[in-house]
Amino acid sequence: MFSQLFASFGDILQTQYLVPLAIGTLAGLVGGVLPGVTITMTIIIVLPFTFGLDPLAGLAAMTGVYVGGESGGLVTSILLGIPGKPSAVATMFDGFPMARRGEPGRAIWLGTWASFLGGLLGALFLVGATVPLATFALQFGPWEYFSLFIFALSMVAGLTEQSLLKGLLAGAIGMIITVIGSDPIMAVGRFTFGSDFLRNGFQFLPVLIGVFAFAQIMTDLERMATAGTTRGVEAPSLAVSHVAVLWDILKRPFLLLWSTIIGLLIGVLPAIGGSAANVMAYDQAKKFSRHPEKFGTGIPEGIIASEASNNSNVAGSLVTIMAFGIPGDAVTAVMLGAMTIHGIQPGPLFMSQQPKVAYGLFAAYILAHPIMIVLQWLLAPVYLKIVRVPKAVLIPQVLVLCVIGAYALNNVMDNVYALLLFGVVGYGLVKLGFPLAPLILGVILGDQIEVNLVRALMTDADPWLFVTRPISGAMLGLAVASVVFALWQHRRQQQLPPAEADTDF
Amino acid sequence: MGLTRDGIGGLACLAGSLVLLWSSRDIPQPALVPIGPAFYPRIVLGMTAVLSAALLATDLGRRRPPTAPPRARVSYRLVVLTFLVFTLYVFVLPWLGYRVSTTLFVAALQATLDPPRRARDWGLVAVMAVVSMLVTYYLFERYLSVLLPRGRLTAF
């Protein structure tokens, strides 16, 4: 395993892979810094650039975006008190007060080095756990896959911030999108109403791009007329002693380790995401602290916990997609789309059938961290200029790249029409308060759920096998448990005042 | 008793799922296989109908506070205009091709979102539109081998 990993380091260090990885990390950092531009949006923008690349180069670029984006968001949180992305909300709680106290450089580099260390600790789990989990998944038959996908969907639907009913309904809408067009088993047309456009069904990438990009952009536009600008903010000095900052982190090994573990566990569970990891790690750091009353006043513990967790969360998400083929969040959903474009199917056989890509992805993830540190150091003096790029300039460019991303999938305009259609649908669903993550997971897993359900019932017509087979039964049990937990959690949340934060759709 | 957005969402999903459930009768059933192509869609649509009805019922049964909580100020003008400009772009794209339509789209949307006041501002919008078209065109077509749409009217 390790010899293969070291060989992959050699591969990734070649220019053809290193350049996309560095550009992806840079794009992630810049996207993370821009308020309102989420990592999902950044990876959607980068997606069309990967079509013409070697599969590993494309995935390396996307891994760079993921790692860079998680680290870039902290800058805006700390310097402006605006979360650059949802997974940097908790970073702001102590980062912004520390910056206002006259230590912006210390705050930014505490966050950056905590991201670096948390990400690298997460890499140990990524490299060590993916193969055993994929081997475990090899025991799965159609019953187990069906139950696993139902578990993933119920978990995502249940753990969204909106109501459980809406989460489940959004997942069901996603599954309905997959039944339009030819059925995956006999290629019989369904719900086509005589239209050629519907006959081909919808590929999930135009749906995903349309839903997420438009939901984000249109919500930004709603606020654009009323929002304030960041003009007039003076560029502070970010000079700092890196040895002192690193010592600040390393003298708190338990905090770093525990926050990393929280990030990993949340990353492994489908679609909970970096924002939950960030806030939960902050909350845990506060609970374990000897001086919880100091949290929120600008102490290092708050920054270290939140940033170490959101970067290790990336490693957890990558484990889920590589071992089970289930995207842990919207970012890995786009990565899954990019993999399928290149004819790569992530899942239990991914590690054995595509070792070069799999270990290359590990190496890219690890190398993205030192690249992120170098780029963060280079970009630090210009961060406030990046933050001030007007949305009026940015939005047309993003939409053009969305069109290219959708069109270039098969060089047909139908995908661009689907992009527009699902842009409208996505925005409509957001306005009606539906969460988008379950919808996308429904679109991604819908076909697989159908194929495995039909395959299982054709092998043995006894439906009780879904419950009596141990792994399948356990998955369905967990699905029920996640719904019950969600009901309890929603009831509890209704009693708490709502928090104001940027929305990650 | 008025519906909130939950009720409207539930009603729309219920109506959609019932229409599709009714249309599923038109899906042909092959004679030789026990589980036909309509089997799974009916399960999903039935589940959707039940969830939608539950959402609608929850909304109808919910007690409303006497005064609605204050909502954040939002403006839909730019949203509507952006959708219009983008829709126009999507439908003009196959006729004028990537280069012409993208230049027009970038300029139009930028001018819509931040209306230029002086001649210099218009110049900047035009430069931005041309530069972004040229950069994306050469990057994708020449370096990344990604073909971009040709126009039926312009032939390029």
> Please determine whether the number of non-hydrogen atoms from other residues, nucleotides or ligands lying under 6.0 Å from atom CG of A:Asp196 exceeds 12.
no

> Return a table of donor-acceptor pairs under 3.5 angstrom between the side chains of residues 108-129 of chain B and protein atoms on other chains or two or more places apart.
| unit_1 | atom_1 | unit_2 | atom_2 | d |
| --- | --- | --- | --- | --- |
| B:Thr112 | OG1 | B:Ala108 | O | 2.6 |
| B:Asp121 | OD2 | B:Arg117 | N | 3.2 |
| B:Asp121 | OD2 | B:Arg118 | N | 3.3 |

> Please report the interatomic distance NZ(A:Lys166) to CG(B:Leu51), rounded to the nearest 0.5 Å.
13.0 Å

> Under 4.5 Å from any heavy atom of chain B, what part of A:Val424 do you find: side chain, backbone, both or neither?
both

> Between B:Leu81, B:Val44, B:Asp26, which shows the greatest number of heavy-atom pairs under 4.5 Å with chain A?
B:Val44

> Could you check whether any side-chain N or O of B:Tyr40 sits under 3.5 Å from a backbone N or O of A:Val179, counting only pairs where one atom can act as donor and the other as acceptor?
no

> Only pairs of heavy atoms separated by less than 4.5 Å count here; which of A:Thr178, A:Ile404, A:Asn411, A:Val403 has the most with chain B?
A:Ile404

> With a 4.5 angstrom heavy-atom cut-off, which part of A:Pro184 approaches chain B: side chain, backbone, both or neither?
neither

> Which bit of A:Val454 comes within less than 4.5 Å of chain B, counting heavy atoms only: side chain, backbone, both or neither?
both

> Give, as side chain, backbone, both or neither, the part of A:Ile180 having an atom under 4.5 angstrom from any heavy atom of chain B.
neither

> Check B:Ser132 against A:Gln397 and note the closest heavy-atom contact, atom names and distance.
CB-OE1, 2.9 Å

> If we define contacts as heavy-atom pairs under 4.5 Å, which of B:Val50, B:Val90, B:Ile43 has the most with chain A?
B:Val90

> Could you tell me how the ring of B:Tyr76 sits relative to the ring of A:Tyr427: parallel (under 30°), tilted (30 to 60°) or perpendicular (over 60°)?
perpendicular

> Under 4.5 Å, counting heavy-atom pairs only, tell me which of B:Ala54, B:Pro28, B:Pro149 racks up the most with chain A.
B:Pro149

> Heavy-atom pairs under 4.5 Å with chain B: which of A:Leu53, A:Thr50, A:Val393, A:Ile185 has the most?
A:Val393

> Which one, A:Met186, A:Met413, A:Arg190, leads in non-hydrogen pairs under 4.5 Å with chain B?
A:Arg190

> Indicate the atoms forming the closest heavy-atom contact of A:Pro396 with B:Phe105, along with that distance.
O-CE2, 3.8 Å

> Tell me, with the steps shown, if A:Phe214 and B:Phe83 meet ring-ring contact (aromatic ring centres under 6.0 Å, His included).
CA-CA 9 Å; A:Phe214 279 83; B:Phe83 265 127; 5.5 Å; yes

> The test is side-chain contact (heavy atoms from CB on, under 4.5 Å); show your working for A:Ile217 and B:Phe86 and say whether it passes.
CA-CA 12 Å; A:Ile217 288 171; B:Phe86 186 74; over 6 Å; no

> Just give me the residue among A:Leu457, A:Leu419, A:Val188, A:Leu432 that pairs up with chain B most often, heavy atom to heavy atom, under 4.5 Å.
A:Leu432

> For the interface with chain A, which of B:Pro94, B:Ala38, B:Ala107, B:Gly36 has the highest count of heavy-atom pairs at distances below 4.5 Å?
B:Pro94

> Sort out for me which of B:Ile8, B:Thr87, B:Thr102 touches chain A most, counting heavy-atom pairs under 4.5 Å.
B:Thr87

> Under 4.5 Å, counting heavy-atom pairs only, tell me which of B:Pro41, B:Ser24, B:Pro30 racks up the most with chain A.
B:Pro41

> Sort A:Leu401 into side chain, backbone, both or neither according to what part of it lies under 4.5 angstrom from a heavy atom of chain B.
side chain

> Are B:Tyr89 and A:Leu399 side-chain neighbours, meaning at least one heavy-atom pair lies under 4.5 Å?
no

> If you look at every heavy atom in B:Val146 and A:Gly52, which pair is closest and at what distance?
CG2-N, 4.3 Å

> How far does OG1 of B:Thr48 sit from CD1 of A:Ile173, to the nearest 0.5 angstrom?
7.5 Å

> Could you check if a side-chain atom of B:Leu93 sits within less than 4.5 angstrom of a side-chain atom of A:Tyr407, using non-hydrogen atoms only?
no

> Looking only at non-hydrogen atoms, find the nearest pair between A:Gly189 and B:Ile27 and report the distance.
O-CG2, 4.4 Å

> Just distance, no hydrogens or angles: give the donor-acceptor pairs under 3.5 Å from side chains in residues 10-21 of chain B, sequence neighbours left out.
| unit_1 | atom_1 | unit_2 | atom_2 | d |
| --- | --- | --- | --- | --- |
| B:Ser17 | OG | B:Cys13 | O | 2.8 |
| B:Ser17 | OG | B:Leu14 | O | 3.0 |

